[in-house]
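Read through the structure below, which is laid out as structure tokens, and then see the notes.
Labels below follow one simple rule: chain letters A, B, ... track the order of the sequence lines, proteins then strands, and each chain is numbered from 1. In this text the structure is predicted, and so the values were computed from the model without any measurement.
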Amino acid sequence: MFQTHFQTQSLRPLTTAHLAQTMTLLSLTIDELKEQIDKELSSNPALELKEERRCPTCHRLLPERTVCPVCSRPQNAAPDEPVVFVSPREDFYTSTHVTDDCLADEQDYSPVSDDLPTFVLRQIAPELQVEDRKLAAYILAHLDEDGLLTIKPVEVAMYYHIPLSRVENVRKMIQRAEPVGVGSVSTQEALLVQIETLKDTMIVPDLARLIVSSGMHSLSHRQYAELARQFDVAVKQVQLAVKFISENLNPFPGRSHWGDMRQPSSSGVEVYRRPDIIISHLNDDPANPLVVEIVMPVCGTLHVNPLFRDAIHLATDENKDAMRNDYDRASLFVKCMQQRNHTMTRMMFCLVVMQKDFILNGEKHLKPVTRVSISKDLEVHESTISRAVSGKTVQLPNKKIVPLSSFFDRSLNVRTILKDIITQEDKPLSDSELVELLAKKGFEVARRTVAKYRSMEGILPAHLRRSISRA
DNA sequence: CTATGGCACGGATT
DNA sequence: AATCCGTGCCATAG
């Protein structure tokens with residue numbers, strides 16, 4: 001029902017080679033795609049990148065059509081249907097990996113958002129020795145989604161064949177940068193660093209420090225009595241110190257700062273990348289229809305250079321085979337690229353129609369959709385959708401960047417409702433009470449599941465929940 | 001006895 | 001075929 005103005009027939013893969021390459025291209029993220037295109041362009045003279053015209057009114061590049069798909073909507077599209085098209089936006093490309101490029105001073109990348117490593121690196125780059133910069137970048141490249149280090153400092157030192165002390169010096173600088181404590185090896189270290197920096201601006205109870213430095217185990221198990229005995233103070237004192245800790249410190253430095261734009265997926269290494277797809281309102285006016293751009297990392301469209309084809313006939317026999325080969329490769333590449341974009345376009349159209357509420361009104365309104373159902377609507381194999389979704393990110397109209405896979409998250413809506421309930425209700429609710437509240441709103445989940453969701457969102461259990469600071 | 005986290009199982013998803 | 005997710009049961013802390 002959704003393929004109103006998308007013709008599938010003309011783009012069916014013809015050969016197995018075509019199919020295979022389309023599949024690989026489909027699963028590539030935007031950075032990998034650019035890499036692939038660059039490689040192909042530089043190694044194959046038959047391939048050409050043609051700069052296309054811009055739309056006179058909105059200045060978007062016009063890839064395949066002469067009519068701008070955004071300004072002049074296709075006639076057969078209903079007014080509330082989203083416009084989906086492939087958008088060549090090289091200008092949008094910014095370096096997202098932490099490389100030497102990122103370290104160049106005061107460059108304006110105009111990214112939608114920095115990733116966490118870049119964000120930190122910018123702060124400390126000015127005071128860093130030049131030769132320590134790539135060291136810092138390396139360290140920052142190995143943070144988990146909580147902002148903690150995934151490798152040991154010793155390993156870094158061995159990797160670069162430098163003394164451990166040098167690694168630690170750089171690491172100390174990273175830890176002092178915002179978000180404070182990032183780059184720590186453990187939650188304990190993160191907390192200690194935060195305490196040290198807080199000391200400058202406020203009074204830190206000594207007991208809090210003691211508890212963090214030598215009572216972490218008891219703390220995490222909420223054994224307050226044990227702590228009181230260990231430090232020979234009243235339980236009440238311990239509770240006060242714990243309160244201070246939970247209100248002022250954050251064991252997961254990465255979360256407070258970046259939790260908003262990032263979904264806590266446990267494999268979230270790639271989550272900070274710039275988006276593969278951009279969804280926005282035309283001219284950012286909510287009254288206008290949605291515009292969905294499948295971002296191409298190059299400016300213009302790829303096609304086979306017609307001059308090259310003519311030149312084959314003029315070439316010597318010796319060159320002819322090679323040129324023929326180049327030509328075939330180029331045209332295959334172009335076909336595959338079109339196929340890829342075609343699939344992406346159709347999929348996004350389908351997805352945006354179904355998840356319109358989610359895109360406009362937030363995560364609460366996410367409908368549980370499976371990849372299989374989409375594949376049926378589009379009449380493609382489910383693995384095709386899987387590949388198209390995996391690793392990609394989307395920028396929503398509210399400028400948040402989320403992984404495309406969250407469109408298929410079965411429990412995201414329940415989790416956000418849960419978050420809402422917890423932040424709004426002032427009295428700490430137990431898990432089973434939460435189950436009832438959720439049931440009232442029409443979400444049937446088990447008690448155990450609520451507990452899981454809490455830990456996924458980094459929400460503390462009912463005991464230690466007082467006033468959780470949220471930015 | 002209640003609240004919660006760990007382990008593991010089954011079914012759905014990829 | 002491998003993986004992820006929701007859930008049930010059980011142990012443990014308070």
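What separates CG of D431(A) from C1' of dG8(C) is a distance of 15 Å, to the nearest Å. When rounded to the nearest whole Å, the span between CG of L460(A) and P of dA3(B) equals 18 Å. Atom CZ of F443(A) is separated from atom P of dT7(C) by 13 Å (rounded to the nearest Å). Rounded to a whole Å, the CG atom of L412(A) is 18 Å from the P atom of dC4(C). The CG-P distance, from N413(A) to dG6(C), rounds to 10 Å in whole Å. Protein atom CG of L434(A) is 17 Å distant from nucleotide atom C1' of dG6(C), rounded to whole Å. To the nearest angstrom, C1' of dC9(C) lies 13 Å from NZ of K452(A).
For R448(A), counting side-chain heavy atoms from C-beta on, the closest listed nucleotide (dG6(C), dG6(B), dT7(C)) is dG6(B). Between dA3(B), dG5(B), dT7(C), one nucleotide has an atom nearer to the side chain of S430(A) than all others, and that is dA3(B).
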Table of protein N/O atoms under 3.5 Å from nucleotides 10-14 of chain B N/O atoms:
| from | atom 1 | to | atom 2 | distance (Å) |
| --- | --- | --- | --- | --- |
| dT14(B) | OP1 | R371(A) | NE | 3.4 |
| dT14(B) | OP1 | R371(A) | NH1 | 2.1 |
| dT14(B) | O3' | S386(A) | OG | 2.9 |

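Under a 4.0 Å N-O distance rule, the pair R329(A)/E40(A) qualifies as a salt bridge. In this structure, R171(A) pairs ionically with E189(A), as a charged nitrogen and a carboxylate oxygen lie closer than 4.0 Å.
Contacts classified as ring-ring contact (aromatic ring centres under 6.0 Å, His included) and involving residues 426-457 of chain A (residues at least two apart or in different chains) are not found.
Residue S390(A) is classed as having no contact, given no heavy-atom separation below 4.0 Å to the nucleic acid. Nucleic acid contact class of S432(A) (heavy atoms, under 4.0 Å, all strands): sugar-phosphate only.
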Please tabulate, one pair per line, all N/O donor-acceptor pairs under 3.5 Å involving side-chain atoms of residues 351-359 of chain A, not counting sequence neighbours.
| from | atom 1 | to | atom 2 | distance (Å) |
| --- | --- | --- | --- | --- |
| Q355(A) | OE1 | K367(A) | N | 3.0 |
| Q355(A) | NE2 | K367(A) | O | 2.7 |
| Q355(A) | NE2 | F407(A) | O | 3.1 |
| K356(A) | NZ | D80(A) | O | 3.2 |

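Annotation: salt bridge (charged side-chain N to carboxylate O under 4.0 Å, His left out) contacts of E382(A) (sequence neighbours excluded): none. Legend: residues meeting side-chain hydrogen bond (donor to acceptor under 3.5 Å, both in side chains) with S383(A), ordered by chain and number and at least two apart, are H381(A). In this view, E35(A) satisfies the side-chain hydrogen bond (donor to acceptor under 3.5 Å, both in side chains) rule with no residue, not counting sequence neighbours.
Taking side-chain N and O atoms only, Y453(A) has no distance below 4.0 Å to OP1 or OP2 of dC5(C). For the pair R454(A) and dG5(B), the criterion of a side-chain N or O lying under 4.0 Å from OP1 or OP2 is met.
Judged by distance alone with a 3.5 Å cut-off, no donor-acceptor contact links the side chain of R447(A) to the base of dG6(C).
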